[in-house]
Amino acid sequence: MSRYNVKETERKWQRLWAEHRCFEAETQSDRPKYYVLEMFPYPSGRIHMGHVRNYTLGDVVARFKRARGFNVLHPMGWDAFGLPAENAAIAQGVHPGSWTYENIAVMRDQLKAMGLSLDWSREIATCHPEYYRHEQRMFLEFLEAGLVYRKESWVNWDPVDQTVLANEQVIDGRGWRSGAPVEKRQLAQWFFRITAFADSLLESLNGLDRWPAKVRLMQEKWIGRSEGARVLFKLKGRDERLEVFTTRPDTLFGASFCAISPDHPLAAELAAANPELQAFIAECRRLGTSEAVLETVEKKGFDTGIKALHPFDPAWELPVYVANFVLMEYGAGAIFGCPAHDQRDLDFARKYSLPVTPVVAPPNVDPAGFTIGDEAYTGDGVIINSDFLDGLGVAKAKRAAIERLEAAGEGEGTVAYRLRDWGVSRQRYWGCPIPVIHCADCGTVPVPVDDLPVLLPEDVTFDRPGNPLEHHPSWKHVNCPRCSEPARRETDTFDTFVESSWYFARFCSPRAETPTDRAEVDYWMPVDQYIGGVEHAVLHLLYSRFFSRAMKLCGYIDVEEPFAGLFTQGMVCHETYCDPSGAWLFPSEVAKAADGDLVTVEGAKPVTVGRSEKMSKSRKNVVDPTQIIDRYGADTARWFMLSDSPPDRDLEWTEAGVDGAWRFTQRLWRLITAATPIMAPAGAPMPSAFGEPAMAIRRTTHKTIAGVTDDIESFHFNRAVARFYEFTNALSGVISPGQGQGQSPGNADGGLGWALREAFEALARLVGPMMPHLAEEIWQTLGQDGLLVDAPWPDSDATLTVEATTTIAVQVNGKLRATLDLPRDMPADAAEAAALADPAVQKAVDGKTVRKVIVVPNRVINVVV
RNA sequence: GCCCGCUUGGUGGAAUUGGUAGACACAAGGGACUUAAAAUCCCUCGGCCCGAAAGGGCUGUGCCGGUUCGAGUCCGGCAGCGGGCACCA
């Protein structure tokens, strides 16, 4: 038996695929197009198992669709701008650019070793001017189209490092590097008007039927459309009104206070004369900008002493608080509190001893005796204690309250969105420069298109805090394009989500002189299958959907929805290990001792096994894909990624699992080697008749073809893997016992040799998307001329996939009592008779009256007694 | 805190979407082959009970309740775990 040399073989096929340019998408093609895309990686240094999983899943789809006759676009690129490059620059003194490009070189090699069917001729890196110059161009058009504006907005400010911090860089209210307490600061920043498309983004979710329901739901909640009312409270002794948004105008008679955000202009005005309020606001600001932090902190308020007057009763005064849970970004940055019917308001009212008046009585509860305890009542019911609203249901009361507000000029019905405009300004170096110039006379002036790209300067230093673009001696000093007077370049760069919001469109024509080539992008878009982690369910996907709309508006693309199909994969997890001192250990630092316990490789100290968690460098529970591929080959790594765990669930990486995958690749090879001598020669004509052993093989083969096709189509790759095990189990059962080695199959073998050839040719083609190298090798061993990647997907013969009989379960009162092998599609009454005649069923019925018999054809018969 | 998921043997999971729970695999145990090891092959494998065995009974899909002839699957409640929360990508 010839040995299967993994390394050599995998390299051989990879070289051949590259030489034949197998995976380059055709620009002109009669075949239908299929665009499969995996979320492109951030070049962090080396690929991790999450990448291996993501790209394996995508490659299965790409190779499968290719075999099914599609003109497949399957590109790869690099999400190459970002914070880690700057952190590396600060920590190691390397330039973010060289750090990034070196990482790309390493990771490209790693991906190539996986044997992915990628069109490398379309590779892009977003940090390259040939990419971001187009982004700058589109920004200017968005600006022109009114989709971009500038406003003051809050950031986390590290007063020591003199820099803006990402939320993840704020730990317990302090800067991660400096340890200094973080402040919130206002900066003028650029925004994309994503809210202009709020309704479109919301409504189009319905049409995304090939997206996971949970992602659509998350986006729906994120956009958070809610109908309600704007109420304009008069303020006692002041001229201006306090604007408040509420979804519950029906509960206005249950109001007991108003609360405004610490960032509300009124709060700032009052604080100017009130040091205590000033201190309270400062305390709120120390929390930073993270909503997760703001929402978990203890709810606190500060009574401003100002009174708001109730819109329906000017004599009714409500205290106005500044409250730390009111967000300036949502609604009007102010609320009215109705403690009886909102939990947060209730907690607040109890804390500050404010009145709690129920105004909605639950159905079937006596309104007179209805009181509120620790829990607010948020359900439907009948309005009480509410003057003209009394007796109405919640929905009617909302309408009535809004009518009255509008009539009285005290407010109006309105729609609010939770979605906020997308802030894209970053005060960082390693990002795409925002192409505008600030002029003292002309204001904000766009960089003329002919002057694009605005290139990042190479000569920057990271030896002092702040934005290197600000410190650069000359970069920001330019003349105003309009008046030619000295002016200042914008030193903000784009959020890196901007690059990832349109890269899929760029892949259609990656070297075009314009952001997109309309013919190409109209041919390829939308992406037919997009694959990536759920962690991007909201932001990246929503921003991309916005970008498609904006690009369509500006004529760069013709689709509003960039991703027709979406699949969100689970994470790759691994056990965690600790040494006796509690320090994390890499799996490679842990070995199994003779007694089966885990010990450290160095010094054989006992190891504590923690639970399995997402692979992360901080816990050291990572396995390097390159080491796995070196040792077992790409096919094994890919196979393991596809086995067992359904792609949308988390996958537990285990040594035993990889070993199992490895053994299977070896087993496949042994099987094909053993089968070759008893197989009919390539291209042999189909025998006119088959004996039963051959027919059994053929039925298994065709059922496997049908099953695997179905499984791949529906992303049930783990089921496809199980089918392969069953298929190979069946085949080895035929081949190993007593089949003569070297004995050539005659015509007298009942077609067995032919059936085996059919089986193995199908096997090679079916396994191709998953283990492409071994599949090519098998294909070659089978005596095929061309490459397997150019071979079509096998078809299943329907007459061979349906068995003549089916096993039917017979239940008595829902409990399984017997199983019967009955002819397929047997008439219900005949099946019923057969079931009742069964001795085990008779015993269970035990002479009792049969009340009803439910017959589900080809499935189950339930006898009810 | 808010939004969204997930939970089936020792383990990963399967179950034609309301119809035989545990396919397939891993681990474990037993056996064969071998001087030995590795590799390979065969057998057993949710729990409890009856039986010498063949076989049979009960129970079982995180927990509590409901709908149904029938629930892992649908509904209500609870618990645990995970993802996201707008400057990580």
Side-chain angles (χ1 to χ4, degrees), chain A residues 39-42 44 79 81-84 87 155-156 164-170 189 212-215 217-222 224 289-299 325 329 343-344 418-428 495-497 500 533-540 542-543 568 570-571 573 611 613-614 643-646 648-652 654 656-657 659-661 663-664 666-667 670 707 710 716 718-719 721-726 729 732 736 807-819 840 851-854 856 858-865:
Chain A
M39 291 178 183
F40 67 163
Y42 177 78
S44 55
D79 188 13
F81 275 136
L83 208 45
N87 292 335
V155 294
N156 298 312
V164 176
L165 296 176
N167 281 334
E168 72 155 13
Q169 295 175 319
V170 179
Q189 311 220 70
K214 64 170 174 181
V215 174
L217 194 57
M218 276 192 250
Q219 294 220 347
E220 185 187 321
K221 300 281 185 181
W222 186 264
T289 59
S290 157
E291 195 182 314
V293 171
L294 295 176
E295 289 277 332
T296 33
V297 87
E298 189 196 355
K299 309 291 178 282
F325 60 85
E329 290 81 9
Q343 192 58 46
R344 202 167 47 182
R418 210 185 74 95
L419 180 69
R420 311 201 290 258
D421 278 334
W422 174 14
V424 293
S425 281
R426 298 292 181 270
Q427 293 69 40
R428 307 194 197 289
D495 175 8
T496 57
F497 272 125
S500 56
V534 237
E535 64 272 21
H536 294 292
V538 176
L539 292 181
H540 161 59
L542 196 63
Y543 292 153
T568 53
M571 300 177 304
C573 301
R611 36 164 253 234
E613 294 182 61
K614 177 182 177 171
S643 323
D644 292 349
S645 295
D648 54 344
R649 284 226 222 148
D650 289 353
L651 176 144
E652 165 90 0
T654 61
D659 283 340
R663 281 199 300 270
F664 182 68
Q666 298 302 301
R667 192 172 158 219
R670 274 198 312 277
D710 197 52
H716 291 127
N718 57 319
R719 282 204 313 220
V721 166
R723 274 184 223 279
F724 277 115
Y725 283 118
E726 282 173 317
N729 285 348
S732 57
S736 40
T807 307
I808 293 183
V810 184
Q811 302 172 332
V812 176
N813 285 346
K815 278 190 182 170
L816 181 72
R817 294 302 172 191
T819 57
R851 287 210 315 218
K852 192 160 43 157
V853 180
I854 288 140
V856 182
N858 299 325
R859 279 239 174 111
V860 77
I861 296 167
N862 192 9
V863 180
V864 187
V865 299

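The analysis underlying the following values was restricted to heavy atoms, covering all of them including side chains, and did not include hydrogens, waters or symmetry mates. Protein chains get the first letters and strands the later ones, always in sequence-line order, with residue 1 at the start of each.
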Between the protein and nucleotides 64-69 of chain B, which nitrogen or oxygen pairs are less than 3.5 angstrom apart?
from	atom 1	to	atom 2	distance (Å)
B/C69	O2'	A/N862	ND2	3.2
B/C69	O2	A/N862	ND2	2.4

In whole Å, what separates the P atom of B/G83 from that of B/G30?
40 Å
Considering only heavy side-chain atoms of A/Y725, the closest of B/G82, B/C24, B/G5 is B/C24
* Assess the side chains of A/D650 and A/S645: does a donor N or O sit below 3.5 Å from an acceptor N or O? => no
Using atom C1' in both nucleotides, what's the gap between B/U20 and B/A28 to the nearest angstrom?
28 Å
Original post:
B/G65 and B/C42: how far apart are their P atoms, nearest whole angstrom?
Top reply: 46 Å
Closest to the side chain of A/E726, out of B/G19, B/C24, B/C85, is B/C24
Practice task
Determine the Euclidean distance between corresponding P atoms of B/A39 and B/U44; express it in Å to zero decimal places.
Solution key: 22 Å
A/A656 has its side chain closest, among B/G5, B/C26, B/A86, to B/C26
* To do: Indicate whether OP1 or OP2 belonging to B/G18 is found under 4.0 Å from a side-chain N or O atom of A/R859.
  => no
Per atom distances to the A/A722 side chain, the nearest of B/C24, B/G83, B/U20 is B/C24
Using Watson-Crick geometry (N1-N3 plus N6-O4 or O6-N4) or G-U wobble (N1-O2, O6-N3), each under 3.5 Å, B/G5 is paired with B/C81
### Query
Which whole number of Å gives the distance between the P atom of B/A38 and that of B/A27?
14 Å
Write out a two-atom table: protein N or O, nucleotide N or O from nucleotides 71-81 of chain B, distance below 3.5 Å.
none

From the candidates B/C87, B/C3, B/A89, the one with an atom nearest any side-chain atom of A/V155 is B/C87
From the candidates B/U59, B/U16, B/C41, the one with an atom nearest any side-chain atom of A/K815 is B/U59
Note: for A/R663 and A/S645 on RNA chain B, the residue whose nearest nucleotide lies more 5' is A/S645
### Query
Is A/F497 touching bases, backbone alone, or none of the nucleic acid, heavy atoms closer than 4.0 Å?
base
Q) Considering only heavy atoms and no angle criterion, is a donor-acceptor pair shorter than 3.5 Å present between the side chain of A/R649 and the base of B/C6? A) no
Assigned chi class of B/U17 under the 90° convention is syn
Comparing A/E291 with A/R667, nearest RNA chain B nucleotide closer to 5' gives the residue A/R667
When the P atoms of B/C43 and B/U7 are considered, how many whole Å apart are they? 32 Å
Out of B/G19, B/A25, B/A14, minimum distance to the side chain of A/N729 belongs to B/A25
The nucleotide from B/G1, B/A86, B/C87 with an atom nearest the side chain of A/R426 is B/C87
Check the phosphate of B/U16 against A/R723, side-chain N and O only, distance under 4.0 Å to OP1 or OP2. Yes or no? no
Classify A/Q189 by what it touches in the nucleic acid, base, sugar-phosphate, or nothing, heavy-atom distance under 4.0 Å.
base
Against the side chain of A/L83, the closest entry in B/A89, B/U7, B/A86 is B/A89
Regarding the side chain of A/L816, the nearest nucleotide among B/A86, B/A21, B/C87 is B/A21
Could you give the distance separating B/C4 and B/A71 at their C1' atoms, to the nearest angstrom? 25 Å
Q.
Regarding B/G13, can its base be found pairing with the side chain of A/D644 as donor and acceptor, where the two atoms are less than 3.5 Å apart?
A. no
query = B/C87 base to A/Q427 side chain: any donor-acceptor pair below 3.5 Å?
reply = yes
For B/G31 and B/C69, measure between their C1' atoms and round to the nearest Å.
47 Å
